Amino acid sequence: MPSRPSSGTACPDRPLSVAVIGAGYWGPNLARNFHASPDWTLAAICDLDTDRAARLAQGVGQVPVTSSVASLLQDPGLDAVAIATPARTHHALATAALAAGKNVLVEKPLADSLAGGEEMVRLAGSSGLVLMADHTYCYTPAVLKIRDLIAQGELGEILFIDSVRINLGLIQPDVDVFWDLAPHDLSILDFVLPGGLRPVRVSAHGSDPLGAGTACVGHLVIELEAGAMAHIHVNWLSPTKIRQLVIGGSRRTLVWDDLNPQQRLSIYDRGVNLARTAGLEERSQSQVSYRLGDTWSPALPEHEALAAMVTEFAASIRAGRPALTSGSAGVRVLAVLEAATLSQASGSSVPLRPTLELESAS
Ligand SMILES: NC(=O)c1ccc[n+]([C@@H]2O[C@H](COP(=O)([O-])OP(=O)(O)OC[C@H]3O[C@@H](n4cnc5c(N)ncnc54)[C@H](O)[C@@H]3O)[C@@H](O)[C@H]2O)c1
């Protein structure tokens, strides 16, 4: 018997109860933050490997452990589950949890297919439950600041975006480098761009120079609605680690270097001005000038992204509203990832069809 769907009115001010499913690499980070949060009571850890679950439980209040998702979902006192298992399992686990009346937080990527993600969003919507994607970077002080700066018009019109996420990474058995790493870049773009990520076309080039059986190096080019272009480079084979995002605007250009804690964000008042002479259309007759102004670095508050993320999960459940990084945001990311896979297979660029939210908004 499914428990009652949680909603704003169904959730008083008591801490909400959550179980973490998946005690591998990332699950412990979620468990630690739920355990530390005044908004949550961590109720259980679930993993097919109960020894692993038990080891994690020791550090987070000796909560009960189980290997059975089905028995977990029968607990009527459980408000939510957080799913930190491999991507191929997200759809089945999330739909079972939603069908049991639980609010659901899912790790990136939301699902291993666009259709699966869309079904999860529909099910959450029809059940009045929150489906949230853990797009962790969106809760970092740097990304929250980038979002504010763009919303306030500090950068002007977005002209280009360049994101590099390369390091020596674990070659994943079930996903290529696009599905493993690009969800971070795509979810950040979806979060900071006004109106979200609305690509027109996507083309992807992946390579597997070691013969690992999957793309380990990937380049993704996304044509955005307003004519700007975003390029994302993801790579598991690079001995140097780079985490850099450049957003070029008509007024200013922003550089986020996530590996430079002294100066993560830099704003450059430098760029190209192009003034067209009335009546003259040729590029050679445009007046090009260069702006060489100051560079500054905004102060950023210190907080752990996952702490803010679990707070937002509770707030969205209590208010009965979509989370800042909603299931629909997860679906917009999946739309690009699926187009990237199609583009690699066909060798050509792929036009994007509207995702669920865009369809319902029209
Ligand atoms: N937000 C981030 O920054 C971030 C970082 C790393 C990983 N992730 C995501 O977290 C998820 C998990 O990645 P990971 O690296 O922790 O994987 P992992 O392989 O280290 O751990 C997965 C765990 O899930 C368990 N599991 C698998 N199927 C299960 C099931 N049906 N029921 C219960 N337990 C099950 C496994 O036994 C394992 O312990 C992935 O979606 C990954 O993309 C997110």
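Everything quoted here is computed from the prediction, not taken from an experiment. For ligands, and for the atoms within them, numbers begin at 1 and follow the listed sequence.
Counting the atoms of ligand 1 from 1 in the order shown, those under 4.0 Å from a heavy atom of Asp134 are 1 (N). Listed by number with element, the atoms of ligand 1 under 4.0 angstrom from any heavy atom of Gly22 are 24 (O). Every atom of ligand 1 with a heavy atom of Pro86 under 4.0 Å away is listed here by number and element: 22 (C), 24 (O), 27 (C). Atom numbering of ligand 1 starts at 1 in the shown order; those under 4.0 Å from a heavy atom of His90 are 41 (O). Annotation for ligand 1: atoms under 4.0 Å from non-hydrogen atoms of Ile21 are 33 (C). Of all atoms in ligand 1, numbered sequentially from 1 with element shown, those under 4.0 Å from a heavy atom of Thr136 are 1 (N), 2 (C), 3 (O).
For atom 44 (C) of ligand 1, the nearest non-hydrogen atom of the protein is Glu107 OE1, 3.0 Å. Looking only at heavy atoms of the protein, atom 30 (C) of ligand 1 is closest to Leu48 CG, 3.6 Å. At the top of the distance list for atom 7 (C) of ligand 1, counting protein heavy atoms only, stands Trp26 CB, 3.8 Å. Taking atom 20 (O) of ligand 1 as the reference point, the nearest protein heavy-atom neighbour is Tyr25 N, 2.9 Å. For atom 25 (C) of ligand 1, the closest heavy atom belonging to the protein is Asp47 OD2, 3.3 Å. What sits closest to atom 42 (C) of ligand 1 on the protein, heavy atoms only, is Lys108 O, 3.5 Å. Nearest protein neighbour of atom 12 (C) of ligand 1, counting heavy atoms only, is Ala84 O, 3.4 Å. Closest protein heavy atom to atom 21 (O) of ligand 1: Gly24 CA, 3.2 Å.
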Identify all side-chain donor-acceptor contacts of residues 306-314 below 3.5 Å with residues at least two apart in sequence or on another chain.
{"unit_1": "Thr311", "atom_1": "OG1", "unit_2": "Ala307", "atom_2": "O", "d": "2.9"}
{"unit_1": "Glu312", "atom_1": "OE1", "unit_2": "Arg321", "atom_2": "NH2", "d": "3.1"}
{"unit_1": "Glu312", "atom_1": "OE2", "unit_2": "Arg321", "atom_2": "NH1", "d": "2.8"}
{"unit_1": "Glu312", "atom_1": "OE2", "unit_2": "Leu324", "atom_2": "N", "d": "2.7"}

Under 3.5 Å, which donor-acceptor pairs link side chains of residues 16-27 to any protein atom two or more places apart or in another chain?
{"unit_1": "Trp26", "atom_1": "NE1", "unit_2": "Glu107", "atom_2": "OE2", "d": "3.0"}
{"unit_1": "Trp26", "atom_1": "NE1", "unit_2": "Asp134", "atom_2": "OD2", "d": "3.3"}

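At a cut-off of 3.5 Å, with distance as the only test, no side-chain donor of Asp174 or Trp179 sits close to an acceptor on the other residue. Donor-acceptor pairing under 3.5 Å is recorded for the side chains of Asn167 and Arg243. If you check the side chains of Ser68 and Thr66, you find no donor sitting under 3.5 Å from an acceptor.
Looking at Val175, Asp174, Leu93, Leu110, it is Leu93 that brings a heavy atom closest to atom 31 (N) of ligand 1. Here the shortest heavy-atom distance to atom 26 (N) of ligand 1, taken over Val69, Val20, Leu72, Thr85, belongs to Thr85.
Within a 6.0 Å sphere centred on CD of Gln263, heavy atoms belonging to other residues, nucleotides or ligands number more than 12.
Electrostatic pairing of Glu304 and Arg32 counts as a salt bridge here, judged by a charged N lying under 4.0 Å from a carboxylate O. Between Arg264 and Asp257 no salt bridge is recorded (no basic side-chain N to carboxylate O distance below 4.0 Å).
Because its NZ or CZ atom is not both nearer than 6.0 Å to the ring centre of Tyr268 and within 45° of the ring axis, Arg251 does not count as a cation-pi partner of that residue. A cation-pi arrangement, defined by a distance under 6.0 Å to the six-membered ring centre and an angle within 45 degrees of its axis, is present between Arg147 and Phe191.
Checking atom 10 (O) of ligand 1 against the protein gives a heavy-atom contact under 4.0 Å.
No part of Asp180 comes within 4.0 Å of ligand 1, judged by heavy-atom distances.
When ring centroids are compared, His205 and His219 stay outside the 6.0 Å threshold.
Judged by the shortest distance from any of its heavy atoms, His135 lies outside the 4.0 Å radius around the atoms of ligand 1.
Of the polar atoms of Asp49, none of the N or O atoms is found under 3.5 Å from an N or O of ligand 1, judged by distance alone.
Contact annotation: the side chain of Val255 never approaches that of Leu245 to less than 4.5 Å [non-hydrogen atoms, C-beta and beyond].
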